[in-house]
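Just so it is clear, the structure is predicted and the values come from calculations on it, not from any experiment. These values consider heavy atoms only, across backbone and side chains, with no hydrogens, waters or symmetry-generated copies. Counting from 1, the numbers follow the sequence of the chain as shown.
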Amino acid sequence: ANPLLTAQGAPRLRIVFVPAASATLHDTWRTSGLCATASDEFELENVFVPAHHGFDFGAPPRDPAPAWRVPLGLRLAMSKAAAVLGMALGALDALPPLLERTPFAGAVPARDEPRTQAGLAEATGEVEAGRAYLHREVAALCAIAEAGDPIDAAAKARTRLAIVHAARAAVRAVELARTLAGTGAVFDADLDRAARDLAVARHHVQLQAHVMEDIGRVMLGQVPRNPLF
């Protein structure tokens, strides 16, 4: 049978819920970071799913609460932005103790070097700017939802831009923190874990370059290519 299509011509995406025991799990999550998420693949075979155990991805919400008026795809993307900013903050928290050490061939601890002081300030500014931008756009989006107004493509684009920008700011901050830490970046478990987790998280489908392309298309009055935008 041919798949059912949306008005935009894309296959309809339906989310269903079944008991975990009905699925066969496949151990495919072999990554350098985010190991604890256990984002493995699974397989369902001859499993009956009642209609009320699922919903269309783009369907209107059944619950009238404002939180559910925010499209599911956007809510999922927001969580990714919050996660990567948390990783970056964890890396910055781990950095100061490492700067107490005297670098190879150095005369003073790294914390006393002007380049280190400026670098730490820059990295912190990256994360805080990303957080502030994200909070502003999410607050604006939630205000639209609370007012009961439709969330149009422009509002989605503004929020998604803040989401991707926050992720990229987090990446820049952690790369700078690792540079400032020197050899300590390799041996400190907290900083190393934050860097590995972020190296994986940055590749999530909600944070990739094609999202920026669709944001630009909306800004130019065009229709995004991704039907789940």
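The backbone N or O of Trp29 lies less than 3.5 Å from a partner atom in the side chain of Asp40, making a donor-acceptor pair. A donor-acceptor distance shorter than 3.5 angstrom exists from the side chain of Arg14 to the backbone of Gly54, with no hydrogens or angles considered. No donor-acceptor pair under 3.5 Å is formed between the side chain of Arg12 and the backbone N or O of Pro3. Here the side chain of Asp197 pairs a donor or acceptor atom with the backbone of Leu34 at under 3.5 angstrom. Under a 3.5 Å cut-off, the side chain of Arg217 and the backbone N or O of Val223 do form a donor-acceptor pair. The backbone N or O of Ser32 lies less than 3.5 Å from a partner atom in the side chain of Arg196, making a donor-acceptor pair. A donor-acceptor pair under 3.5 Å is absent between the side-chain atoms of His204 and the main chain of Ala77, judged by distance alone. Between the side chain of Arg160 and the backbone N or O of Ile215, no donor-acceptor pair lies under 3.5 Å. Gln206 places a side-chain N or O within donor-acceptor distance of the main-chain N or O of Gly73, the cut-off being under 3.5 Å. The backbone N or O of Asp112 sits nowhere less than 3.5 Å from a side-chain atom of Thr116 that would complete a donor-acceptor pair.
In this structure, the side chains of Leu161 and Tyr133 come closer than 4.5 Å at one or more pairs of heavy atoms. Residues Arg225 and Asp214 form a side-chain contact, since some pair of their non-hydrogen atoms from C-beta on lies under 4.5 Å apart. Within the 4.5 Å cutoff, the side chain of Leu89 has heavy atoms near those of the Glu128 side chain. Contact annotation: the side chain of Val186 never approaches that of Asp192 to less than 4.5 Å [non-hydrogen atoms, C-beta and beyond]. Contact of the Leu72 side chain with the Ile15 side chain is registered, since non-hydrogen atoms from C-beta on lie closer than 4.5 Å.
Taking CG from Leu141 and CD from Glu146, the interatomic distance works out to 10.0 Å, rounded to the nearest 0.5 Å. Residue Arg111 holds its CZ atom at 4.5 Å from CD of Glu100, rounded to the nearest 0.5 Å. In this structure, the separation between CG on Asp149 and CZ on Arg69 is 9.0 Å, given to the nearest 0.5 Å. In this structure, CD in Glu213 is found 11.5 Å from CZ in Phe229, a value given to the nearest 0.5 Å. Residue Thr24 holds its OG1 atom at 5.5 Å from CD of Glu43, rounded to the nearest 0.5 Å. For the atom pair OG1 of Thr183 and CZ of Arg101, the computed distance is 8.5 Å after rounding to the nearest 0.5 Å.
Across every non-hydrogen atom of Val47 and Ser22, the tightest pair is CG2-O, 3.8 Å. Closest non-hydrogen pair, Val108 versus Glu113, comes out as CG2-CG, 4.1 Å. Residue Arg62 comes nearest to Phe55 through the heavy atom pair NH2-CB, 4.1 Å, listed as atom of the first residue, atom of the second, then distance. The minimum heavy-atom distance linking Gly184 with Leu98 is given by the pair O-CD1, 3.9 Å. Here the shortest heavy-atom pairing between Arg115 and Leu180 reads O-CD2, 4.0 Å. Shortest non-hydrogen contact noted between Pro71 and Lys156 is CG-CE, 3.8 Å.
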For residues 162-177, which side-chain donor-acceptor pairs fall under 3.5 Å, sequence neighbours excluded?
from	atom 1	to	atom 2	distance (Å)
Arg172	NE	Glu126	OE1	3.2
Arg172	NE	Glu126	OE2	3.1
Arg172	NH2	Glu126	OE1	3.2

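In this structure, Leu85 is a member of the same hydrophobic cluster as Met78, with clusters built from ILVMFWY side-chain heavy atoms closer than 4.5 Å. Under the 4.5 Å side-chain heavy-atom criterion for grouping Ile, Leu, Val, Met, Phe, Trp and Tyr, Ile144 is connected to Leu134 within one hydrophobic cluster. Placement of Phe42 and Val18 within a single hydrophobic cluster is found when ILVMFWY residues are connected by side-chain heavy-atom separations under 4.5 Å, directly or transitively. Side-chain heavy atoms closer than 4.5 Å link hydrophobic residues (I, L, V, M, F, W, Y) into clusters, and following such links, even through other members, never connects Met212 to Leu220. A single hydrophobic cluster is not seen to contain both Leu191 and Met87; linkage of ILVMFWY side chains at heavy-atom distances under 4.5 Å, directly or through other members, places them apart.
Within a 6.0 Å radius of CD in Gln222, other residues, nucleotides and ligands contribute more than 12 heavy atoms.
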